[in-house]
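Written out below as structure tokens is the structure these notes cover.
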Amino acid sequence: MRAAARSVGARWRDRIAASDPGLLRLAAGLRTVGAIALTLAVLSLLGADVSHLVAGAIAAMVATFAIREKQRDRQAVTLALGLPVAFASMSLAALLSSRVVAGDVFFVALIFCAVYGRRFGDRGTALGLIGFQVYFLSLFVGVNGSTLPGFYGSLAAAFGCSAVARFVLVPQTPTGILQRLRDAFRARLAQLIDAQLDLLDAGPDDVGKTLAQVREGTARLHESAMMIQGRLDEGTRDEATARLVQRRIADAEIAAERLGLLLLTARSAERADTLTLHLPGAPLPEGGHLPVRDEALDTLRRDLRALRLLVRLPVAEGTGTAQLRNRLLGYREEENLPRASPAVQDVFRGVGEAARAVLGLRIALDGPQDDSDDSPETARSREELDAEDAAIGGGEGEEDPATSGKDTGLRRPTTRAAVQVAVGSSLAIAGGELLSSHRWYWAVLTCWIVFINTASTGEILVKGYRRLLGTVLGVVAGIVLAGLVGHHTWTAFAVVLLCVFAMFYTAPLSYTLMSFFVTAALGVLYTLLHTYSLSVLVLRVEETALGAACGIVAAALVLPVHTDRRTNELLTTVLDRLTDVTGAAVEQLSGGPPVDLLDLARDLDQALADLRAATQPLTHPVTPLRTRRDTARYVVALLETCAYHARALAATAELLPTQRSIAADPRLRRAGRRIRDNIGAIAARVADERSTAEVLTGPSIASLLTPGGPGTPRDGRVTDRVLRHLQRLDEGVVGLARPLGAPVTPPR
């Protein structure tokens, strides 16, 4: 019974870790709720009235969520600086409360400065956010000169309680966050293997659904890997350790993705295209069917379950675990492969490579393992990993001079956004006061919010739509909640705390849900302030719609950045990074000097993530341009496919100095040159439609290599894998030419 209970508990921990990597959303929700609850408790003990309680609660929320720095000492400094900023903002709001024109002018100036402060990093962003939100808070609770001293006390209590919640009640350290992100990566890796098992056994009616689960699992695993890469510098003791973890995470991700592709091929009549794993709705390979059940496939199912077990086990110790590990790693040797079709044997090889990646990941994350029961194959894998670990060196990446200081003046993103939001807020103030002379600031708040973390007109349009939808639904919920809680103060505050937690827990998942919970909580707060009525909530919807419209108008007319321009700029960056990774990997595989492929691959992943986010307005379900939406999805999926093959080439190239099974082949330069030239032609076309650069097709990559290369069986397998990645990368690049309008011509 105890073992069963522990197993159930472990599964639930894995699910929670996988759904909320690093428990970042849970911690954000608990920290904010804890700060608000502690503030309410302190103020109630001091005998504060309801308006001071509401002010303290909102200030505690702002002081908690505004600070996003990763180092605890920097968080403390920013929080300390935020209190005088809050005092100054509230003082000016109280001073200008009776001077309408001066107050409006100052509010617009404050908004400009708050947005412009984003150029100074996380601290500038946090202080600007605190200044704006506290000014808004002062308007919400009606601070004036006579009540100002009491509200000073509410602010001080709120910031103090926020510090207690952050550093005492819900503490987070970079090391702890990174450890939880590692656990999330393992959990998501195990879930992906589960989905791959389902894909192997799925019948004709279920194969589409299981393939979608494999796609989702692959994307979620990549998301976890990106989150870990973003935390390595702060969460590890030195650069060598950070690079080792980064390498092992990348190996595990590539091995898992390759295993899914091999499984898809095993149940198909032809080799599966990598694009199938990245393009939602992509059809199965021709002749997809359920493999015939035989002894080899039964063994494969057993070994996939064993691989999943190795991933989930906290420590790979014990005779039973060692036997599983030895058996899986044995598939890296040809003589240990079971008798089966070539496609199924490839899956067994993929299982062996995945087991090696899991072993390397475990050593990097958990330290040395017990090797007393190692088989010869396992011992060889350990030797290879040790040699790779020793070869991993340091080296800081230098800033790219091509991107440093690219935009200046009004073209600088922070300056442009500050001007846009200032103009939009001016329109929102004018229109908001026509709707209500007392609650016009709701329109300004919406205009401000739709500009946060957006960079193009399309992104602002989508965000405005989502906020309006969430607000309308939240008004309905606010009416129901206000009727239930009435004027029961502490019941109302409990409901507000639940809404705040839900708001922060769902914020990264759905902006609509976040807006819903914000509006529902405001309905309850209006009840506490004795200003609740149905007309007030309807006015909230009207002001929200007005603010979103003003933000969209300002973004479209004032220094506009159209979605096409934004996506083209990011697309060019992705193509440049793809060229860097491919060129460096091929050069190293051809015998050139080693380079820092890890950082190049990370830059490619980050550029692709930025492009994926920027194309959301084009791929949103409500977009009326269906052809354009499908094209954007197809291009992003092709780029993800090309990035996978480029990462795989980079991972293979990094093994070159340490493994006897890989030999440099100078003939690869010719294949790599054609791919790089084609990527450059497409990038030139994207940057300038008048470009005459052409994408050249030609013979397959394999035919470019004349006979006479490395001749041992091991060399042949590795060379075949490199050639397959180059061939698929070549096909993916040529495939990009058509949707992006680059001319394709045969070789002259």
Side-chain angles (χ1 to χ4, degrees), residues 14 17-18 21 181-201 210-229 245-267 272-278 300-301 303-313 316 324-325 328-329 331-332 346-365 381 385 598 601-602 605 608 640-641 643-652 654-655 721 724-725 728:
D14 285 349
L181 286 174
R182 294 168 177 176
D183 295 340
F185 183 85
R186 284 170 164 162
R188 287 188 169 182
L189 179 56
Q191 289 180 348
L192 177 56
I193 296 173
D194 274 332
Q196 291 170 347
L197 258 170
D198 293 339
L199 176 63
L200 180 63
D201 289 329
T210 54
L211 180 57
Q213 291 173 346
V214 171
R215 288 194 193 105
E216 181 183 2
T218 303
R220 283 161 59 87
L221 186 68
H222 183 65
E223 178 192 26
S224 295
M226 290 289 293
M227 294 176 72
I228 289 174
Q229 289 178 1
V245 173
Q246 180 184 354
R247 170 63 184 275
R248 296 305 171 215
I249 290 289
D251 286 348
E253 182 189 0
I254 292 171
E257 191 166 354
R258 180 170 177 265
L259 181 59
L261 186 63
L262 293 174
L263 281 166
L264 189 59
T265 299
R267 55 170 299 137
D273 189 344
T274 319
L275 182 64
T276 308
L277 289 181
H278 296 115
L300 178 58
R301 294 181 183 92
D303 289 336
L304 285 172
R305 296 188 186 98
L307 179 63
R308 179 186 59 193
L309 181 62
L310 287 181
V311 172
R312 282 180 168 164
L313 286 175
L324 290 179
R325 183 181 61 222
L328 300 185
L329 288 171
Y331 293 137
R332 300 186 68 219
D346 278 344
V347 180
F348 279 102
R349 294 188 184 99
V351 170
E353 293 300 325
R356 179 191 185 276
V358 171
L359 176 62
L361 184 65
R362 192 173 298 281
I363 293 173
L365 300 184
S381 295
L385 292 168
L598 286 176
R602 181 167 62 177
D605 288 340
L608 190 53
E640 289 176 341
T641 297
Y644 161 71
H645 291 296
R647 288 197 303 269
L649 285 172
T652 305
E654 287 220 326
L655 300 178
R721 185 183 304 176
R724 281 200 300 268
H725 286 306
R728 292 303 176 89

[X] side, atom [atom1]; [Y] side, atom [atom2] - distance, nearest 0.5 Å:
{"X": "Gln196", "Y": "Leu304", "atom1": "CD", "atom2": "CG", "answer": "7.5 Å"}
{"X": "Leu263", "Y": "Asp346", "atom1": "CG", "atom2": "CG", "answer": "11.0 Å"}
{"X": "Leu181", "Y": "Gln229", "atom1": "CG", "atom2": "CD", "answer": "11.5 Å"}
{"X": "Leu189", "Y": "Asp194", "atom1": "CG", "atom2": "CG", "answer": "10.0 Å"}
{"X": "Leu200", "Y": "Thr210", "atom1": "CG", "atom2": "OG1", "answer": "10.0 Å"}
{"X": "Asp303", "Y": "Arg301", "atom1": "CG", "atom2": "CZ", "answer": "11.5 Å"}

Practice problem: Using atom types as modelled and distance alone, determine if a side-chain donor or acceptor of Arg248 lies under 3.5 Å from a backbone N or O of Leu359. | Solution: no
Quiz item: Is Arg188 reaching over with its side chain to a backbone N or O of Arg220, donor-acceptor style, under 3.5 angstrom?
Solution: yes
[X] to [Y] - nearest heavy-atom pair and separation:
{"X": "Ala184", "Y": "Pro21", "answer": "CB-CA, 3.6 Å"}
{"X": "Val311", "Y": "Ala190", "answer": "CG1-N, 3.9 Å"}
{"X": "Leu197", "Y": "Arg305", "answer": "CD1-CG, 3.7 Å"}
{"X": "Ala355", "Y": "Leu328", "answer": "CB-CB, 3.7 Å"}
{"X": "Leu608", "Y": "Ala643", "answer": "CD2-CB, 4.0 Å"}
{"X": "Ala256", "Y": "Leu192", "answer": "CB-CD2, 3.8 Å"}

For the residue pair [X] and [Y], establish whether any side-chain heavy-atom pair is separated by less than 4.5 Å.
{"X": "Arg325", "Y": "Leu310", "value": "yes"}
{"X": "His222", "Y": "Thr218", "value": "no"}
{"X": "Thr641", "Y": "Arg728", "value": "no"}
{"X": "Gln246", "Y": "Ile249", "value": "no"}
{"X": "Arg186", "Y": "Val358", "value": "no"}
{"X": "Leu300", "Y": "Val347", "value": "yes"}
{"X": "Leu262", "Y": "Val351", "value": "no"}
{"X": "Val214", "Y": "Leu264", "value": "no"}

Practice problem: Check step by step if side-chain contact (heavy atoms from CB on, under 4.5 Å) holds for Ile254 and Glu353. | Solution: CA-CA 10 Å; Ile254 292 171; Glu353 293 300 325; over 6 Å; no
Quiz item: With sequence neighbours left out, which residue pairs that include part of residues 256-265 fulfil the salt bridge (charged side-chain N to carboxylate O under 4.0 Å, His left out) condition?
Solution: Glu257-Arg647
Quiz item: Does Arg602 pair with Asp605 as a salt bridge, N-O distance under 4.0 Å?
Solution: no
Exercise. Could I get the full list of ring pair (Phe, Tyr, Trp, His ring centres under 6.0 Å) partners for Phe348, not counting sequence neighbours?
Key: Tyr331
Practice problem: Just say parallel, tilted or perpendicular for the rings of Tyr644 and His278, cut-offs at 30° and 60°. | Solution: tilted
